[in-house]
Amino acid sequence: MSGIGIDRRFEPRNSYNGDEKRLAADGQEEEEEDDDGGNGRGMEAWERAYADERSWESLQEDESGCLRPIDSNILNHAQYRRRLRALSSSTTSSRIQKGLIRYLYIVIDLSRAAAEMDFRPSRMVVVAKQVEAFIREFFDQNPLSHIGLVTIKDGVAQCLTDLGGSPESHVKALMGKLECSGDSSLQNALDLVHGYLNQIPSYGHREVLILYSALSTCDPGDVMETIQKCKKSKIRCSVVGLSAEIYICKHLCQETGGSYTVALDESHFKDLLLEHAPPPPAIAEFAVASLIKMGFPQRAAEGFVSICACHKEAKVGGGYTCPRCKARVCELPTECRICGLTLVSSPHLARSYHHLFPITPFDEVPSSLLNNPQHRLPRICFGCQLSLLNSGNKSSFRVACPKCNRHFCLDCDIYIHESLHNCPGCESLRRSKTMNSTEE
Amino acid sequence: MKFQIEDVTVYFPYDHIYPEQYAYMMDLKRALDAKGHCLLEMPTGTGKTIALLALITSYALSKPSNPIKLLYCTRTVHEMEKTLAELRLLHDYQLRYLGPSARILALGLSSRKNLCINPSVLSANSRDSVDAACRKLTASWVRAMAVENPDVPTCSFFENYEKAGSDAVLRPGVYTLQDLRAFGKEKGWCPYFLARHMIQFANVVVYSYQYLLDPKVAGIISKEVQRESVVVFDEAHNIDNVCIEALSVSVRRQTLEGATRNLNRLNQEIERFKATDASRLRSEYNRLVEGLAQRGSLSLTDAWLANPALPDDILKEAVPGNIRRAEHFLSVLRRLIQYLKGRLDTENVEKEGPVAFVASINAQAGIDQKMLRFCYDRMYSLLLTLEITDTDEFLHIQTICDFATLVGTYTKGFSIIIEPVDERMPHIPDPVLQLSCHDASLAIKPVFERFQSVIITSGTLSPIDLYPRLLNFNPVISRSFTMSLTRDCICPMVLTRGSDQLPVSTKFDMRSDPGVVRNYGRLLLEMVAAVPDGIVCFFVSYSYMDGIVNSWNEMGILQDIMQHKLVFIETQDVVETTLALDNYRRACDCGRGAVFFSVARGKVAEGIDFDRHYGRLVIMFGVPFQYTLSRILLARLEYLRETFQIKEGDFLTFDALRQAAQCVGRVIRSKADYGMMIFADKRYSRHDKRSKLPGWILSHLHDAHLNLSTDMALHIARDFLRKMAQPYDKTRSGGKRTLLSQEDIEKMSNDGATEMSF
């Protein structure tokens with residue numbers, strides 16, 4: 001850390017190289033504070049007051065004209081519920097197919113526009129930071145999938161990393177290449193990605209996620225043709241924009257079945273990006289059941305020395321052995337370098353399982369029911385056991401599971417759907433049933 | 001959906017209705033009940049047309065004993081087709097609900113150029129030559145000749161139509177121009193004459209303004225329309241200019257030369273007739289003595305343009321003796337042309353009233369007022385007698401006769417202005433003599449008097465109290481509606497300062513200041529970097545646009561702009577502009593992004609939509625005042641002050657602001673759309689200017705957006721674009737109700753909530 005500090009003293013304050021080194025070297029929590037400090041010092045006081053703090057945005061006017069702080073909790077929850085509903089409405093039928101084996105190219109726009117400072121410290125740095133988080137989250141949710149990175153710079157698309165399953169290598173490659181210049185070209189990027197994804201076997205899901213800073217695209221040819229080409233090869237293209245809605249991006253997403261969103265600020269950008277982490281529903285005509293050959297390698301014994309297939313050097317201990325060719329690989333999931341077998345571990349498969357059986361979204365308990373004295377409603381949240389009553393004995397907003405009819409508070413609602421993937425109410429119900437049956 | 005407005009059951013073809021549409025219908029209904037005229041302003045994109053059509057047809061259906069007829073006037077053929085398409089939708093819906101009793105006949109009428117199906121006629125390119133080509137085939141003497149001599153070409157479609165006689169009718173239904181052509185082809189009837197014939201029987205007629213306002217055309221087409229009609233002028237914000245143009249004539253040197261050529265040709269014809277068929281000329285003379293200058297039993301196809309003066313002002317007298325003989329008439333015209341030529345040779349600008357002008361003609365050329373007045377009818381009679389069919393060749397002499405008749409008929413509200421050069425290009429001699437009408441109420445007066453309800457409606461009619469004064473009528477209802485929106489999808493801003501905090505304006509003393517030019521350039525440069533897809537810029541005039549684009553080029557601003565977006569420019573050449581527009585759209589489609597430079601009051605500002613991604617931002621550079629040194633404008637201002645007590649400043653501001661509102665209104669054409677509008681001039685922040693903008697813009701113009709500098713505007717633009725890019729849900733439960741279903745309407749009328757406020 002200190003070495004970097006010295007390093008930075010010789011750098012101009014707003015240089016991207018400096019930021020990039022800092023980001024590459026350290027964990028991000030520490031750095032965030034550092035960044036803000038560094039930026040604030042670089043700006044004059046009036047600029048900061050106008051652009052940075054924006055304290056007025058956290059206020060809103062109520063009916064009587066008084067200013068009140070925005071209740072961000074309710075707002076967040078409303079947003080989350082909308083997302084959940086959208087998700088469940090697209091997959092209403094109980095037997096949905098999801099593409100669990102995904103081949104995703106993340107296209108990062110590093111054109112001139114990425115240097116804009118409307119996100120702090122710059123769009124590029126924010127994108128890099130969030131992409132890193134996304135890659136980790138993605139592999140956490142989709143252990144069987146692969147990611148590749150492509151950048152657009154000076155009107156040309158470059159492949160940063162090939163498709164692979166290791167988050168570390170992607171993050172490292174990305175952080176080493178953070179500078180931006182020139183125009184951006186959607187067509188070049190799509191062409192490049194199309195070339196790679198076209199070779200993917202048919203069980204894999206071909207996806208492109210474009211993080212687009214620019215507001216225009218400078219193409220060598222007709223981008224519409226390229227879009228049609230992508231559509232034909234069943235590549236699902238999604239775009240997250242950083243500044244405004246662009247017609248061609250919208251068109252691209254509509255044609256290829258992807259989603260198009262535009263980020264309001266950094267946290268919103270993060271949310272939008274993470275929406276792409278859970279696997280999308282499978283395209284109908286593509287969803288033919290097919291069998292894939294996979295290997296479940298064993299972990300090698302401690303102290304066992306072998307030549308690693310991925311790093312091509314002798315290593316001691318750790319690692320996994322391919323069940324077919326007995327080569328050693330360092331981490332899972334991957335593809336065996338020698339025989340090309342897909343290597344996974346069973347926990348990886350298990351982790352993908354909940355996508356296939358999501359818990360149904362909880363219903364909001366209507367306020368008429370809440371205020372009705374004849375209905376006796378539970379006073380505490382079934383999840384966290386905290387009181388659901390506000391001060392003054394008035395019931396607050398709550399949700400109920402449609403299956404077990406237990407009531408939950410908002411925090412538990414989010415936790416259950418996003419992390420736990422099991423409804424405590426239904427689980428306990430099942431347990432008590434089985435216990436009852438054994439008693440009888 | 002179906003609902004009640006007072007005693008009328010309204011059939012509306014959609015399941016939901018906007019609250020402002022409902023309010024609009026209520027007011028319209030009351031105006032119809034009162035049998036009076038009304039002025040209604042409602043923003044574009046709120047379904048004005050369908051609300052109008054639905055109410056008026058339902059109103060007619062509810063009063064079967066005395067059905068009213070609807071005359072719907074549009075500005076362009078394109079709008080005509082759109083209106084008829086909406087009407088068809090509505091008609092189908094009403095048929096489904098009511099069965100055959102709801103049948104109506106609705107049709108569009110346009111010129112021969114748009115309706116003719118005869119390939120040999122259609123090959124002519126201009127409107128006048130199509131008319132002439134048609135006349136060549138269908139004039140009564142041509143057809144008479146064809147009976148004797150089968151080699152004389154005639155139009156088979158017209159012959160078939162004539163043969164069918166009273167059987168040639170349209171079955172009830174809705175006919176667009178295309179349907180009329182198709183129907184004509186199928187039956188082998190001439191669609192133009194069929195449509196003209198059917199106007200008398202149709203329930204709804206959609207045609208252009210000119211068919212009612214221009215006395216030359218109205219005299220022929222709309223003569224026999226019953227009094228119980230509702231006349232709608234859609235997009236009528238420029239109606240006063242249309243009225244004025246209908247009664248104005250301008251004469252240039254080419255006109256006079258062409259007229260001389262025409263006279264020579266007429267002379268030859270007369271000589272020829274004298275030699276071969278002298279009796280014809282003599283019979284014409286006798287007819288004129290009896291005072292039958294015209295009309296009588298003319299066949300349908302011989303009728304051409306009627307007298308340019310309004311019907312009430314035409315003398316019902318015999319043609320004066322000294323122009324009864326053809327040769328004498330020609331020599332009178334020759335003297336008139338000679339006189340006009342002499343006047344055109346002047347060195348300085350002259351302005352005269354019609355009375356003084358007529359007196360000086362009388363003194364110098366010996367033509368009195370009465371002779372002038374009869375010029376048009378006399379010429380028309382002569383052309384008929386001489387059996388001239390290629391009328392497009394005789395446009396010049398017609399213009400002269402037009403001029404003579406108008407100048408002889410009107411003594412008030414007109415002036416004659418002779419300018420030796422165009423003020424803006426003082427080195428090129430281009431003398432022009434203009435008879436300009438100052439009083440818009442003249443042309444529209446017969447319409448107001450003749451029909452029981454006249455409805456003037458548009459997206460921009462503000463300030464709404466000025467129109468009744470300009471057009472000199474008493475509306476029973478005049479109201480401006482605002483738009484109800486689920487989200488704030490328009491974002492008007494007034495930018496008064498550049499990035500260096502110095503004021504920007506196109507005021508005469510500031511417009512060439514390099515600081516202002518640079519500030520405007522910086523504004524555009526910042527905006528092209530922040531706004532996606534299409535941007536439209538409006539400048540106050542062509543010369544100003546040329547100047548500022550040149551300076552930007554020298555400063556290197558234009559090059560910087562081109563890095564972000566392609567630049568297209570409107571020129572005075574229509575073909576070039578169309579090409580530029582086409583390429584502009586393509587650049588927006590493929591994501592390259594583009595800027596379109598255009599001129600307020602130009603063709604683009606009036607008729608071209610820049611909806612959706614074709615126009616995310618429109619920048620109005622300056623206030624588009626008219627060229628205030630123009631003599632015509634000065635004369636009109638003087639007249640308005642003296643006759644209608646309208647102050648010069650008020651009128652100029654009103655006119656400039658309605659143009660500005662038209663320009664910025666181009667970007668938003670529906671509620672799902674969104675767009676920003678920047679008024680870049682410090683004068684917009686003044687209350688007297690701003691308050692004349694239409695209500696639907698003003699209601700979105702927050703106080704915080706009134707006095708912006710470039711960087712603040714940029715900030716607002718970025719925020720706005722981000723916010724608008726978020727998915728929005730049409731039936732947002734929390735906000736205002738913007739869509740009413742049938743139940744809502746019923747509930748409202750039960751509550752007696754007739755006075756709704758939005």
Side-chain angles (χ1 to χ4, degrees), chain A residues 46-47 50-51 54 56-57 78-79 82-83 85-86 111-113 115-119 155 182-187 190 212-227 239-252 259-265 268-269 271-272, chain B residues 489 491 501 526-535 560-567 585-595 610-617 672-676 702 704 708-709 711-712 714-729 732-734:
Chain A
W46 65 83
E47 275 180 74
Y50 186 60
R54 314 176 65 71
W56 61 91
E57 283 191 352
Q79 212 175 350
R82 197 161 58 232
R83 209 161 61 225
R85 225 171 296 134
S111 65
R112 208 182 315 119
E116 293 262 349
M117 317 250 291
D118 51 351
F119 286 64
D183 291 318
S184 132
S185 166
L186 204 56
Q187 192 191 13
L190 287 176
Y212 210 63
S213 299
L215 282 174
S216 62
T217 155
C218 238
D219 298 326
D222 187 4
V223 67
M224 298 291 178
E225 270 173 31
T226 313
I227 292 176
V239 181
V240 179
L242 278 100
S243 42
E245 184 184 87
I246 310 162
Y247 171 75
I248 191 71
C249 293
K250 202 173 180 183
H251 180 74
L252 168 72
S259 71
Y260 181 43
T261 46
V262 175
L264 289 170
D265 49 32
H268 188 226
F269 179 65
D271 291 345
L272 293 178
Chain B
C489 66
C491 176
Q501 306 301 320
E526 300 275 9
M527 285 300 161
V528 290
V531 178
D533 300 327
I535 295 183
D560 290 348
I561 291 173
M562 302 259 253
Q563 289 221 318
H564 295 279
K565 291 190 193 300
L566 304 180
V567 175
R585 294 228 166 85
R586 273 177 41 203
C588 291
D589 277 338
C590 78
R592 180 65 183 88
V595 192
F610 292 99
D611 54 342
R612 298 178 299 134
H613 62 283
Y614 296 125
R616 284 297 180 216
L617 166 69
D673 199 1
Y674 65 89
M676 293 183 292
H702 308 297
L708 300 176
S709 62
D711 43 340
M712 293 153 90
L714 185 69
H715 208 83
I716 294 170
R718 282 206 169 125
D719 271 0
F720 176 77
L721 287 170
R722 287 221 170 88
K723 219 167 11 169
M724 285 301 121
Q726 303 311 313
Y728 91 107
D729 109 55
R732 198 173 64 179
S733 46

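Letters go in sequence order (proteins before strands), and every chain restarts at 1.
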A:Leu215 versus B:Pro532, closest heavy-atom pair with distance: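 Looking at all heavy atoms of both residues, the shortest contact is CD2-CB, 3.7 Å.
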Where A:Thr217 and B:Cys590 come nearest, the two heavy atoms and their spacing: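 Closest approach of A:Thr217 to B:Cys590: CG2-O, 3.6 Å.
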Is it the backbone or the side chain of [X] that comes under 4.5 Å from a heavy atom of chain B, or both, or neither?
X        : answer
A:Ser243 : both
A:Ala263 : backbone
A:Asp183 : side chain
A:Leu186 : neither

From B:His564 atom NE2 to A:Arg112 atom CZ, the distance as rounded to the nearest 0.5 Å: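 Result: 5.5 Å between the selected atoms.
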Distance, nearest 0.5 Å, that separates SG of A:Cys218 from CG of B:Leu566: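 One gets 8.0 Å once the value is rounded to the nearest 0.5 Å.
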Contact winner vs chain A - B:Val528, B:Leu721, B:Asp589, heavy-atom pairs under 4.5 Å: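 The answer is B:Asp589.
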Residue selection (most heavy-atom pairs with chain A, distance under 4.5 Å) from B:Arg718, B:Gln563, B:Met724: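 Most pairs with chain A among the choices: B:Arg718.
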Salt-bridge criterion met for B:Arg722 and A:Asp118 (N-O under 4.0 Å):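 Salt bridge present between B:Arg722 and A:Asp118.
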Portion of B:Tyr674 that has a non-hydrogen atom of chain A nearer than 4.5 angstrom: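 Only the side chain of B:Tyr674 comes within 4.5 Å of chain A.
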Trace of the side chain to side chain contact (heavy atoms under 4.5 Å, CB included) decision for B:Gln726 with A:Leu264: CA-CA 8 Å; B:Gln726 303 311 313; A:Leu264 289 170; 3.6 Å; yes
